[in-house]
There are 2 protein chains.
Amino acid sequence: MAVMKIQKTPSIRRMPTYLHKLVEMQMEGVPFVSTTQLADYMNLEPIVVRKDIGITGISGQPGIGYKTDKLIAAIRRFLGWDSVIEACLVGAGSLGSALLGYDGFENYGLKISTAFDRDTAKIGSYIHGREIFDYKQLPELVAQLGLKLGIICVPAPCAQAVADQLTDCGIKAIWNFANVSLKLPEDVVVQREVIAGGLALLSVKLGQQNSLINAEEKNGN
Amino acid sequence: MAVMKIQKTPSIRRMPTYLHKLVEMQMEGVPFVSTTQLADYMNLEPIVVRKDIGITGISGQPGIGYKTDKLIAAIRRFLGWDSVIEACLVGAGSLGSALLGYDGFENYGLKISTAFDRDTAKIGSYIHGREIFDYKQLPELVAQLGLKLGIICVPAPCAQAVADQLTDCGIKAIWNFANVSLKLPEDVVVQREVIAGGLALLSVKLGQQNSLINAEEKNGN
DNA sequence: TAGATTGTTAATCGATTAACAATC
DNA sequence: TAGATTGTTAATCGATTAACAATC
């Protein structure tokens, strides 16, 4: 199978943020939204939002904007979030627990239907109202529920073994929060979250800001 | 002050991952690393790694690679992680707790020196060995410790107020995990983590993969 | 009619990839 | 000498930005 290359990554990454704001506006009863409004909210230029929305295929009304409901629907459809996908989570440590407790996923087409851990102290307990199952039961339950998405929250050294187990069970997509690069079959897609990536960006911004300030001080401003 | 625009965002985001792997190799006693090795690990092309490393300014040895120690130092210097920056964390909920428990930050030039919450049940307790302070004490402690970085882990509706408070106290950089876009003074840098952004990317990949499979089935492959 | 916004086309900019001489 | 790798230059590709007619 050909290696996939996704384009418009920056646009796709912005979609959930539009969605979040739009749902909020929808609840407030706002019937129309313009790219200007969304751009203001996100601190970017309207043309960026216009292009992003363009790829969903929706059309708006010149001079007015987009119907809030339709725009929400268009973004959901584009992302494949119009039908809920069920997932299993492996590793109920602090990060895994945080994800289990996050109630925004319902807006993002995701439902974590089962959670697993190896720790006997956790097995059978409930975290944010969800039972933690024995990791040994994973193949059985994943097959039974026909799950296609797995979320890995185990420590880095265990992550590859868990990933192998998941793909053996028919999982086709992995959301990887472990700090390690996984080797997977070509027909399995993976998204690795590297929290430190954001920190790196922030650090570089801070460094640039500081040198800017120093430069201005030098110029007597 | 001019609005900052950081370039080479994708390269910067990859830096911590290089760093993580390099530190691992260093501990294993590997003296030299080539871009080929790093590329293999990260599932990308060597030229990408070569370009990324290039921006740190380090030079390697043709035919051999880079000295592991020197490369680690170069990446740390580039990111400003050669000196530890102290931060405060606001909001000791499940995500805040997970961050407090993450022990990888020491490698990333970050030390969370204080954590705050408003909840009296949490104040005075210890999470992952760190005392949780009353949010009311924030101005006092931030000033006392001279902190420049704040990490926001409070619910979205409180995030802007916390951000305002932080900037009032002299915080110059904010790492925002709340699901809201913050309005900040121009001299304060911000990095917002949108966890759902990664999920959006994964969903689109999964959709593309599925249509690829369908196409191949149609062609009888 | 005036102001706001969409949607498209073109221009610019930056990131990725390719190619290859120089070096170990 | 053969193989591997760096570092640089050029080519390609895609994303961002600008401009503007069409529409409400």
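Checking dT17(D), dT8(D), dC20(D) against every side-chain atom of R50(A), the shortest atom distance belongs to dC20(D). Closest to the P62(A) side chain, of the nucleotides dC24(D), dT16(C), dC24(C), is dC24(D). When distances are taken from the side chain of S11(B) to each of dT23(C), dG7(C), dT16(C), the shortest belongs to dT16(C). When distances run from any side-chain atom of K5(A) to the nucleotides dT16(C), dA15(C), dT16(D), the shortest one goes to dT16(C). Between dA15(C), dG7(D), dT5(D), one nucleotide has an atom nearer to the side chain of T36(B) than all others, and that is dT5(D).
Residues L110(A) and L149(A) are in side-chain contact: their nearest non-hydrogen atoms beyond the backbone lie under 4.5 Å apart.
One can place CG of L44(B) at 10 Å from P of dT16(C), the figure rounded to the nearest angstrom. Between the P atom of dT16(D) and the NZ atom of K8(A) lies a distance of 9 Å, rounded to the nearest Å. The CZ-P distance, from R13(A) to dT16(D), rounds to 13 Å in whole Å. Counting to the nearest Å, the C1' atom of dT6(C) and the CD1 atom of I55(A) are 16 Å from each other. Distance CD1 (I12(A)) to P (dG14(D)): 14 Å, rounded to an integer number of Å. The CG atom of D52(B) sits 17 Å away from the P atom of dG14(C) (whole-angstrom rounding). Atom P of nucleotide dT23(C) and atom CD of Q61(B) are separated by 14 Å, given to the nearest angstrom. Distance, E45(B) CD to dA15(C) C1': 15 Å, rounded to whole Å.
Among the atoms of the strands shown, base atoms are found under 4.0 Å from some heavy atom of K51(A). Residue-level contact check: Q7(B) touches the backbone only, with heavy atoms under 4.0 Å from sugar-phosphate atoms and none from bases. Residue contacts shown for I64(B) are limited to sugar-phosphate atoms, with no base heavy atom under 4.0 Å away. The residue P46(A) sits apart from the nucleic acid: no heavy atom pair falls under 4.0 Å.
Around atom CD of E24(A), more than 12 heavy atoms belonging to other residues, nucleotides or ligands sit under 6.0 Å away. Residue K183(B) qualifies as enclosed at atom NZ: its count of foreign heavy atoms under 6.0 Å is above 12.
Under the 30°/60° scheme for interplanar angles, the aromatic rings of W175(B) and F105(B) are found to stand perpendicular.
Contact check, S34(A) against dT5(C): a side-chain N or O comes under 4.0 Å of OP1 or OP2. Distances shown here put every side-chain N or O of Y66(B) at or beyond 4.0 Å from the OP1 or OP2 atom of dC24(C).
Pair assignment for dT23(D) gives dA4(C), based on Watson-Crick or G-U wobble hydrogen-bonding distances that are each under 3.5 Å.
Residues D69(B) and Q26(B) have side chains that bring a donor and an acceptor to within less than 3.5 angstrom of each other.
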